[in-house]
Each structure stands twice: as structure tokens, then as C-alpha cells.
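What follows is a set of notes on a single structure, which appears directly below.
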Amino acid sequence: MKIVNVILSGGVGSRLWPLSRKSNPKQFLKLFAGKSLFELTAERNASLVDEIMVVGNAEHIDWSKELLNSLDLPKAYVVESQPRNTAAAIAFAALALDPEDVMIVTPSDHLIENKDEYDAAIAKAIELAKKDFVVTFGVVPTKPETGYGYIEYSKEDVISFREKPNQETAQDFIDKGNFLWNSGMFCFKAGVLLDELKAYQPNVYATSFEAWSHAKDGELDNELSASIPSISIDYAVMERSNKIKVVPARFRWNDLGSFESLYDYLKADGHPVDKQGNMVIGSSVFSAFVGLSNTIVVVTTDALLMLQKEHAQDVKKVYNQLEKYKSVLR
């Protein structure tokens, strides 16, 4: 049995456009003291695992290999020909491992601080996974965040999973005190995950197994991949399995999924903000805001984005339009 950190690195980070692009997604942006979220993820887990496995797309896998080159750990790569969501991505990783291997599944684009608390949460999750439980990590919330899903819990037991709430509902969750942010991190044995997937989403299991059976050096066939239903691991397994446990975690966590969360991080890190809460990202040109508050201006060489911080989730609509028309800016 070995402990493997499976890093999911197939996303684009469309809510951080125009900083994040298909050619340079948010997990590779070197915004954190000269390092990327991808690098920080691998480094954070390196002392806890026996191997690192990256599941990513063909366009970025060489980038992943380069960034992991300095880590003195065995590494493996699963190359997706097209994205089929997290259920398939995790299934590929599980199929590449022995059934008794314990997988610590982490997105590549989350910012996590307080390593001691993180290590303690991972150790607890591994302990539960060895007992054949399927473990999710729930972060103790610090505010009524509407951009995250929530987990209702009692000790280690999951009562329910909740979709991203509105402000009133999020505040109600906080007031009740038994809700956690759904971090999108998981821990389980490879064989247990595959058994649960086979039980609850047999078609996803069968088509993923078929695609993996014909993979060459970890690279998946495009035609076979296209037949796999696109569904998240949350819907496929986590919300249906009777083996679920949750580890309440107190490490500082941010999925940096929007400019609102990036704004909060940069502000705490000393990035300039005027008296009305306005911020410029990507330019040192003198900027003045008149009659505006909580406005974020994002500057790149070929795009300019201006938004109210509270509407940060809507940036994805801009990206979707660019994607629809196959714009070079996406």
C-alpha cells in the first residue's frame, strides 16, 4: 500500500479571465511569491505521500512535468484527451493504482495555509480511508460565503451536501454551526472508490475502464474518452455513498475561484487598495476611481476587465461568450 497525492489539473479558471486562459490557466499563474498554485499544491503534499500523480490535459502536461521536476518523489501522469469532469478523472487515477493504495485527491488551484492543521487533517483522513471509508474534507467557514458548496455534518458523519447558497441561506448555515465549506478534496482507497463508482454510476465506471484499458503510456484515446458521461465526483459518489465521512479542517483555505477571493488574498498580502476599496491588478499605471467603490480593474496585454467585486462570479459569462465564438482571447 502507498499514499498517492492525485492532483487534478484540468481546469481553466474561467472566473479569473483575463488573467487565466486556456493557454495559461490559474493553477499555473505565478502570483504567490513567484510560485504557482500547482507548485504549492505539490510541495504541500510532498512530505505526506509516497508518490504524486497528475491528471491533466494534453496541452498542459509538459508544464506540469517541468514544475514537478525538482521534487524528489516518484511521479505519474494521466493525460486526458478531453475533459470529462472529476468522476472520470479520479477513476483514471484509481485504475492506475493498486486497489489498496490510498489516494489524497486535491485540486491544483487551491490556496491552503497553516501546514500543521493541514497535515493533521490529512492524517485523520488517511486513518479513515484505511478503514474503507470515502472521506471528504470540510473547511470550517469563516464567513457566509455564497461561492462555495456546504456540508452539513455531525462529528465525522455527513448529514447532507448543499449547493452554493444565497446570502441569507449562507448566514443561516453559519449561525447553525454544523456546516462546513465543501473543499473538493477527498481521500479513499483506489479500490473502494472504484467499487462505489461501479455501484452508483456503472456507465461512468464502464466507459472510464474501457478508455483506460486502451490508454498508451497514460495518454487516453480521444474517441473512447468522448463516450464517458461528464459528471462530478460529488454527484456520482459523494452525495450517494453510505461510506462517506467528513474531516472538519481548520487550515486556511481559499479556492481562488473568483476575483472577489483573489481580491481578498491580495489585499491581505498588501496589494494597493484605495479608500473606496478599488483595486487594479496587472498594471502600475496611475489609476484614479471617481464615484466608484469595490471596483476591480484587471489589465493584461490584450484585455481589460472592469467589475464590481460583488459580481465576480459573473466573469465566467464573459469567458463563455469568448468560448462560444472561439475567440483568441479565451
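The residues of the chain are indexed from 1 along the displayed sequence.
- Dense packing is recorded around CZ of Phe289, with more than 12 heavy atoms of other residues, nucleotides or ligands lying under 6.0 Å away.
- With contacts defined as side-chain heavy-atom distances shorter than 4.5 Å, the pair Arg21/Asp302 qualifies.
- Using a 3.5 Å distance cut-off with no hydrogens or angles, the side chains of Glu152 and Ser160 do pair a donor with an acceptor.
- Heavy atoms of other residues, nucleotides or ligands lying less than 6.0 angstrom from CD of Glu168 number 12 at most.
- For the residue pair Asn222/Gln82, the side-chain donor-acceptor check at 3.5 Å is satisfied.
- Under the 4.5 Å side-chain criterion, counting only non-hydrogen atoms from C-beta, Leu305 is not in contact with Val297.
- Between the side chains of Thr295 and Gln308, at least one donor N or O lies within less than 3.5 Å of an accepting N or O.
- The hydrophobic clustering, which links ILVMFWY residues whose side-chain heavy atoms are closer than 4.5 Å, places Val54 and Leu40 apart.
- The side-chain hydrogen bond (donor to acceptor under 3.5 Å, both in side chains) test applied to Glu59 returns no partner, not counting sequence neighbours.
- Under the 4.5 Å side-chain contact rule for hydrophobic residues, Tyr265 and Leu19 share a cluster.
- Other residues, nucleotides and ligands place more than 12 heavy atoms under 6.0 Å from the NZ atom of Lys30.
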- Between Glu39 and Ser36, does a side-chain hydrogen bond (donor to acceptor under 3.5 Å, both in side chains) hold up when you go through it step by step? CA-CA 5 Å; Glu39 291 171 277; Ser36 66; 3.0 Å; yes
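- For the pair Ser9 and His60, the minimum side-chain heavy-atom distance is 4.5 Å or more.
- Closest non-hydrogen pair, Thr86 versus Ile233, comes out as OG1-N, 2.8 Å.
- Each of Thr136, Val247, Val158, Val246 was compared with Leu180 under the side chain to side chain contact (heavy atoms under 4.5 Å, CB included) criterion, and only Val246 meets it.
- When side chains are defined from C-beta on, Ser47 counts as touching Lys115, because their heavy atoms get closer than 4.5 Å.
- The 12-atom threshold is exceeded at CD of Gln171, counting heavy atoms of other residues, nucleotides or ligands nearer than 6.0 Å.
- Residues Lys143 and Trp181 are in side-chain contact: their nearest non-hydrogen atoms beyond the backbone lie under 4.5 Å apart.
- Ionic pairing of Arg250 and Asp116 is not present here: no N-O contact between side-chain nitrogen and carboxylate oxygen is shorter than 4.0 angstrom.
- Between the side chains of Asn166 and Thr169, at least one donor N or O sits under 3.5 Å from an acceptor N or O.
- Partners of Lys22 by salt bridge (Lys or Arg N to Asp or Glu O under 4.0 Å), not counting sequence neighbours, listed by chain and number: Glu323.
- The local environment of NZ in Lys317 is sparse, with at most 12 non-hydrogen atoms from other residues, nucleotides or ligands closer than 6.0 Å.
- Considering every non-hydrogen atom in both Phe137 and Ala121, the closest pair reads CE2-O, 3.6 Å.
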- Check the pair Asp264, Lys267 against side-chain contact (heavy atoms from CB on, under 4.5 Å), reporting the backbone distance first and the verdict last. CA-CA 5 Å; Asp264 291 342; Lys267 182 179 178 181; 5.7 Å; no
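- Residue Val285 shares its hydrophobic cluster (ILVMFWY side chains chained together at separations under 4.5 Å) with no other residue.
- Taking the six-membered ring for Trp and the full ring otherwise, Trp253 and Tyr148 have centroids separated by under 6.0 Å.
- Applying the side chain to side chain contact (heavy atoms under 4.5 Å, CB included) test between Ile7 and each of Thr41, Asp109, Asn45, Val55 identifies Thr41 as the sole match.
- At a threshold of 4.5 Å between side-chain heavy atoms, the hydrophobic network of Ile, Leu, Val, Met, Phe, Trp and Tyr places Tyr150 and Met185 in one connected group.
- Look at Glu51 and Lys75 and you find no salt bridge, because none of the NZ, NE, NH1 or NH2 atoms lies under 4.0 Å from a carboxylate O.
- Counting heavy atoms of neighbouring residues, nucleotides and ligands inside a 6.0 Å radius, atom NZ of Lys65 exceeds 12 of them.
- Residues Trp17 and Leu322 are in side-chain contact: their nearest non-hydrogen atoms beyond the backbone lie under 4.5 Å apart.
- Across Tyr77 and Ile61, no two heavy atoms sit closer than the pair CD2-CD1, 3.9 Å.
- Here the side chains of Glu156 and Leu128 are in contact, with some heavy-atom distance below 4.5 Å.
- Taking the side chain as every heavy atom from C-beta outward, Leu37 and Phe32 approach each other to under 4.5 Å.
- Glu219 and Lys216 are not joined by a salt bridge, as no carboxylate oxygen comes within less than 4.0 angstrom of a charged side-chain nitrogen.
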Could you pull out all donor-acceptor pairs under 3.5 Å where a side-chain atom in residues 92-107 meets a protein atom, sequence neighbours excluded?
from   : atom 1 : to     : atom 2 : distance (Å)
Glu100 : OE1    : Lys189 : NZ     : 2.9
Asp101 : OD1    : Lys2   : N      : 3.0
Asp101 : OD2    : Asp98  : N      : 3.1
Thr106 : OG1    : Asn5   : ND2    : 3.1

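- Of the charged side-chain nitrogens involved, none lies within less than 4.0 Å of a carboxylate oxygen, so that Glu145 and Lys164 do not count as a salt-bridged pair.
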- Task: Step by step, work out the side-chain hydrogen bond (donor to acceptor under 3.5 Å, both in side chains) result for Asn294 and Gln276.
- Result: CA-CA 6 Å; Asn294 294 328; Gln276 286 72 45; over 6 Å; no
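- Across every non-hydrogen atom of Phe161 and Met238, the tightest pair is CE1-O, 3.2 Å.
- Ion pairing between Arg240 and Glu196 fails under the 4.0 Å rule for side-chain N and carboxylate O.
- A cation-pi geometry, defined here as NZ or CZ lying under 6.0 Å from the six-membered ring centre and within 45° of its normal, does not hold between Arg330 and Tyr319.
- Listed by chain and residue number, nothing satisfies the side-chain hydrogen bond (donor to acceptor under 3.5 Å, both in side chains) test with Glu113 (two or more places apart in sequence, or in another chain).
- Across all non-hydrogen atoms, the minimal contact from Pro248 to Tyr153 is CG-CE1, 3.7 Å.
- Grouping the Ile, Leu, Val, Met, Phe, Trp and Tyr side chains by contacts below 4.5 angstrom, directly or via other members, places Val280 apart from Val315.
- Scanning for ring pair (Phe, Tyr, Trp, His ring centres under 6.0 Å) contacts around Trp63 gives Phe28, with sequence neighbours left out.
- Looking at Thr146, its side chain never comes within 3.5 Å of a backbone N or O of Pro165 through a donor-acceptor pair.
- Put simply, CG on Leu220 and CZ on Arg84 are 12.0 Å apart, with the number rounded to the nearest 0.5 Å.
- Relative to the six-membered ring of Phe133, Lys243 misses at least one condition, a distance below 6.0 Å or an angle of at most 45° to the axis.
- Closest approach of Gly147 to Gln313, counting heavy atoms only: CA-NE2, 4.1 Å.
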- Go through the steps to decide whether Lys35 and Glu43 satisfy the test salt bridge (Lys or Arg N to Asp or Glu O under 4.0 Å), and finish with yes or no. CA-CA 11 Å; Lys35 290 190 175 182; Glu43 291 173 3; 3.0 Å; yes
